[in-house]
There are 2 protein chains.
Amino acid sequence: MEKKANIIDVARYLGVATSTVSRALKDHPSISAKTKKLVFNAVRELNYSPNKIAANLRSGNGTAIGVIIPKINSNFMSNCIFGIENVIYPSGYNLIICQSTEHYEKELSNVKTLIDSQVSGILISVSNETVSTGHLAMVKANNIPLIMFDRITESLQVDCIVNDDTRGAYEAIEHLIEQGYSKIALLNGPEHIYVYKNRYQGYKQALASNNLDLQPDWIIQNINTQSNAYQATCLLLDSKHPPDAIFCASDTLALGVLEALKQRNIQSPEQIGVVGYGNDIYGDLTTPTLTSVEQFPQEIGASAAQIMLQILEDKNVKSIPKTISIRPRLIVRRSSSRKVKPSI
Amino acid sequence: MEKKANIIDVARYLGVATSTVSRALKDHPSISAKTKKLVFNAVRELNYSPNKIAANLRSGNGTAIGVIIPKINSNFMSNCIFGIENVIYPSGYNLIICQSTEHYEKELSNVKTLIDSQVSGILISVSNETVSTGHLAMVKANNIPLIMFDRITESLQVDCIVNDDTRGAYEAIEHLIEQGYSKIALLNGPEHIYVYKNRYQGYKQALASNNLDLQPDWIIQNINTQSNAYQATCLLLDSKHPPDAIFCASDTLALGVLEALKQRNIQSPEQIGVVGYGNDIYGDLTTPTLTSVEQFPQEIGASAAQIMLQILEDKNVKSIPKTISIRPRLIVRRSSSRKVKPSI
DNA sequence: CTGAAAGCGCTTACAG
DNA sequence: CTGAAAGCGCTTACAG
């Protein structure tokens, strides 16, 4: 087996200096067209391709962009990654993907690994456990551009790409009200997480705008799983003043609600309206089909990646960190359509 | 902003040679315990961590393992990646993830990039378009271990991890026969793809074992989408001799079948039995719930990663390439349960 | 047990 | 327009 050709082999083959080869490959203006042609031919002849690692070490320019996410195996996250990859690929950067698996310690370790791997930039969606941001400050201290998406921490001055959760929730509630529901409960996730805090805000704002009182009994926080949502729904239904609609801060929770309604033979949307969040792939398959808020995860990932590439292109431009909200869209299906039944 | 400490800073701080620091950090046996302790303290003091890129260039040992997949945003693939990441992470390797987006040209480009990035090994699930394997031979020529998973090409001598598609299909058909179905149709994907070829084999073998004739009219190949499956189902139902069960080579196809049955008010499982493949997350949510074959994607990814780590540990051991089949499991739900109704 | 020195494969100021 | 030479931050034979 022959060893892979390096730049010295190419230079020797042509009888020129390695610097000439290096410049020719980068289309450096000071190299003559004739020499460039010779170099490209030799490169093909010897099947040469530059060692990215060596180039990185010498130039200081990394060859990869790091991504840290809680877990890759969710519909939302894998679609974010899909969007990121589509944007990053043409730029020539590699994508190094790390999972925190929702643990702060692993996230910290991921950050260190990426720094030691000389990545050019880091895109992160923080874990549930992450409250301290020392590890993120470390990224900035190493002069590595950092962008947060979806799961962000607000204390840090970095660019953020998020779904406009407040708006998504607001529109969901407005829709329920339009459909004639007025006693609207909220099943929310852990309130310390950015997205759930904002969905709660949207819920409150929409009630206020429509002169509906906030009923503390109808607000159930910190629900994480389908079975917890099931139980919470049972409690709501058994209470003295049961709601006539339930807004869920995720589709997983909505599945628990539908399960509870089905078990008790309560009709949705006729008796109880249900809206989820995330527009997971099964929204068309539940009975009734599930109204939900589409977050456009591919666009979230793509935007984060685009901004990263912009930053990497003009490193010197220090712009003010901004937060970009991707506008969500309510996908109306049957579970909330008491007035007009949609075709699906 | 201070520059990150390098190994020279640590050596200078202690008044020792960089070689001593390097060896101490690797727990080299020739370094005294006392010196090691000093080095570790200095490392903490200066907040030093080794530059992986430089180490890679000098030692020739890569720091990353590359993964090439068609698309990350599928339930199956993102779970494979999840399994891979869980195994790779403790080893200290980074995971570089590339998408071919089902295009041969991009897959080729991914391979080149990974080689130039000096990855230690490559895990690949090939694209639909991939028939030529020159790019994979290139990986071997560069002495980089290669492992294929799920979507494999058979012409190459490499380790493979696959779901046992033949068995999965076989058991699905046996189950349908046990449930009293005897006129069993097959909706299959593109037959040139390994997994579909084998699911077809399993289908044929199970019919043969049970003395059922193969009915060419009931075998519809090259169905890729839900709507194609819908149309194919309509054709089957309208034919002179309609089947009494339909085995689908993917859950997506099964959704098209259920859609067609629903539209025509044909009851499943009573009139037509339906079995899918892949056990996608919505199997519990369809009406009827969908019997399907679970492939254990996390295990497939984890096995591939484990074998890669083994190969990287003892590089010299040239073992014979083997194919490992992960045994699938039929998850029986309502769509195929004509005799005994399962609880779900 | 420790150190001096070479070198991995590039890039880039500097010189001409 | 091209080349000689230094150096990125490590590791590793070799020497003692």
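Letters A, B, ... mirror the listed sequences (proteins, then strands); counts begin at 1.
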Nearest whole angstrom, please: distance from the [atom2] of [N] to the [atom1] of [X].
X: His28(B); N: dT2(C); atom1: NE2; atom2: C1'; value: 11 Å
X: Lys37(B); N: dT2(C); atom1: NZ; atom2: P; value: 14 Å
X: Leu38(B); N: dC1(C); atom1: CG; atom2: P; value: 14 Å

Just checking, is any N or O donor in the side chain of [X] or [Y] under 3.5 Å from an acceptor N or O on the other one?
X: Lys71(B); Y: Ser78(A); result: no
X: Ser109(B); Y: Tyr89(A); result: yes
X: Ser49(A); Y: Asp116(B); result: yes

Task: Glu85(A)/Lys106(B) salt bridge by N-O under 4.0 Å criterion - done: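 Looking at Glu85(A) together with Lys106(B), the answer is yes, because their closest N to O distance falls below 4.0 Å.
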
Open item on the list: Classify Ser30(B) by what it touches in the nucleic acid, base, sugar-phosphate, or nothing, heavy-atom distance under 4.0 Å.
Closed with: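 If one applies the 4.0 Å heavy-atom cut-off, Ser30(B) turns out to touch a base.
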
Task: Counterpart residues, ring pair (Phe, Tyr, Trp, His ring centres under 6.0 Å), relative to Phe40(A) (two or more places apart) - done: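 Once residues adjacent in sequence are excluded, Phe40(A) has no partner under the ring pair (Phe, Tyr, Trp, His ring centres under 6.0 Å) criterion.
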
- [ ] Indicate for each nucleotide in nucleotides 9-16 of chain C, in 5' to 3' sequence, whether protein heavy atoms under 4.0 Å reach the base (B), only the sugar-phosphate (S), or nothing (-).
- [x] BBBBBB--

Open item on the list: My understanding is that a pair needs two contacts under 3.5 Å, Watson-Crick or G-U wobble. By that rule, which nucleotide pairs with dT2(C)?
Closed with: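 Its partner is dA15(D) (Watson-Crick or G-U wobble, both distances under 3.5 Å).
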
Open item on the list: If we ignore hydrogens and angles and just use 3.5 Å, is the side chain of Asp9(A) paired with the main-chain N or O of Asn6(A) as donor and acceptor?
Closed with: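 Yes; at least one donor-acceptor contact below 3.5 Å.
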
